[in-house]
Amino acid sequence: MIRFDQVTKRYPGGHEALRNLSFTVESGEMVFLAGHSGAGKSTLLKLVSGIERATSGNVLVNNQNLSKLRASQLPYVRQHIGVVFQDHKILFDRTVFDNVMLPLDIIGFDRRDAQRRVRAALDKVGLAGKEKVMPIRLSGGEQQRLCIARAVVHRPSILLADEPSANLDRAYALDIMELFKSFHQVGVTVLISAHDETLMEDYGRRIIRLREGQFAA
Amino acid sequence: MKHYLYLHAQSARSALLKILRQPFGNLLNLLMLAIALALPVSLYLGVSSLQQWTARLNTTPQITLFMELSSEPADLAAVESSLKHHPRVAAYRFAHKDAALKELEQRSGLNAISEGLGSNPLPHAFIVTPQPLEPAMLDLLQKELSGLPMVELAQFDAAWARKLHAMITLASQLAWLLAVVFALAMVLINHNTIRMQILARQEEIAVSKLIGATDSFIRRPFLYHAAWQGSLSALLCWGLSSWLAYQANPALAEFASLYGIDAQLRSLQPLEVLAMLLGAMLLSMLGARLAADHHLRKNQPA
């Protein structure tokens, strides 16, 4: 479960990315986040994953108040969240397999169990057989899938995706959306941001629309 | 707990493999550290070897008591009995003045000395070997013995012993000073190599932090790398110092034999090797820890 309670985020320099925002996403819910770039979508996702801290207000994730949590505790919150980053953040110095292995190494999985999970995750996103390939040789869509595999390999209870369908043609974007839907169907809370609303409307899920850090009317 | 140990063993193993995967570059690094270590270690070995030899030399200084020319056999007996019962006198030997004259004639080759001189000008003497004592105590003993009745002069050349003692003290202090300086160098060298590694893996560190890596997870591989680097360089240094001693010993033995001493540079004892290994390891880890903490502080995401 994710709950924002009068959350404001002001960046150094004075730019207010979010203004007094309150909402709740129930656990197991799939919610879209819409708005133009600069509306505060990325900031909202960063607050949920504890990458940024709220300037005021409370951010509750899985019943933990991130605003009150010590910095040394934040990594453990992140370990229960999967993030598909807008810029992918794939490591190009290692294979596809080792990229997906990273979250499991961080959590400290047993090696053999971890290898099984990595294969399962790659299989799920359709990258089975590309384990030993270096990411630079993957297409844009495949890199996106690699990023998704890394986000779900440790079976997080919350999955965040920041503009996962950007730069993809519509057919490929729909594929990706189906993938997120399948995670939602097994009980994962899914929060997806996009600036292209036509894609979301097909799904009939709740859409949170942001404009200049507030709910758009 | 078992799982925790498993993860650490895993990190230790992969850090070692990483070193072995780039043998040439890492060997250069290790040699640099080993040479930095070898300097104070060699000096330490030199000083402690010197201390061993001089410990043997120190037991042999002697005090010579020259009696007045007019001393009678009764005076000699009195001095002898006080030497016999003195707690700080280990041994003594009486040198009769006739024997001394004969020795002088033999040594100088002047057989006619006694003929030219009407009587023997040399005094009787006692050659006293004290118990092993500090130079200051030897001085006290010399003063005390010169106060015995009919003793004209108690001669003891303490100056050389004291100079030697002072020199060894200086050298051992120098060894410790060097050790401190090179310990600092050890920390700095490791700080630098680990900092380079961190910069090379900056992206990996940033991504790891974003997906939930704790600071200790980020630090761990670097600490293990430094630990291996430190202990391997200590082993190299052990080899290096043993090789130095092996090379120097024949020449040293020849030199020492001129002075009738059996001198050898000693090599490191097992306990000393262990201490050096642990010391080098901990100092390296300290350098790595400082470098990692600096990076983590500078790149705090939230």
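Residue numbering restarts at 1 for every chain, and letters A, B, ... go by the order of the sequence lines.
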* Tell me, do A:Phe85 and B:Val207 make a side-chain contact under 4.5 Å, heavy atoms counted? ->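 With C-beta onward as the side chain, the pair stays apart.
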* Quick one: does A:Val83's side chain get under 4.5 Å of B:Ile211's, heavy atoms only? ->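 They are not in side-chain contact.
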* Where does A:Ile90 contact chain B at under 4.5 Å (heavy atoms): side chain, backbone, both or neither? ->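 Only the backbone of A:Ile90 comes within 4.5 Å of chain B.
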* A:Arg111 versus chain B, heavy atoms under 4.5 Å apart: side chain, backbone, both or neither? ->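 For A:Arg111, heavy atoms of backbone and side chain both lie under 4.5 Å from chain B.
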Can you confirm whether more than 12 heavy atoms, excluding those of [X], are under 6.0 Å from its [atom1] atom?
X: A:Phe92; atom1: CZ; value: yes
X: A:Arg155; atom1: CZ; value: no
X: A:Asp113; atom1: CG; value: yes
X: A:Glu178; atom1: CD; value: yes
X: A:Arg19; atom1: CZ; value: yes
X: A:Tyr11; atom1: OH; value: yes
X: A:Tyr76; atom1: OH; value: no
X: B:Gln247; atom1: CD; value: yes

* Measure B:Leu7 against the heavy atoms of chain A and call it side chain, backbone, both or neither at under 4.5 Å. => side chain
* Using a cut-off of under 4.5 Å on heavy-atom pairs, state which of A:Val77, A:Ile107, A:Asp110 scores highest against chain B. => A:Asp110
* Winner by heavy-atom pair count (cut-off under 4.5 Å) against chain B, out of A:Arg150, A:Arg94, A:His154, A:Lys46 -> A:Arg94
* **side-chain contact (heavy atoms from CB on, under 4.5 Å) evaluation trace for B:Thr214 with A:Ser72** => CA-CA 7 Å; B:Thr214 57; A:Ser72 61; over 6 Å; no
* **For B:Lys209 against A:Arg78, the heavy-atom pair lying closest together** => O-NH1, 2.8 Å
* Where A:Asp105 and B:Phe217 come nearest, the two heavy atoms and their spacing -> O-CE1, 3.3 Å
* To do: Could you give me the CA-CA distance, side-chain angles and deciding distance for B:Glu203 and A:Lys89, then say whether salt bridge (Lys or Arg N to Asp or Glu O under 4.0 Å) is met?
  => CA-CA 9 Å; B:Glu203 207 192 339; A:Lys89 297 206 183 296; over 6 Å; no
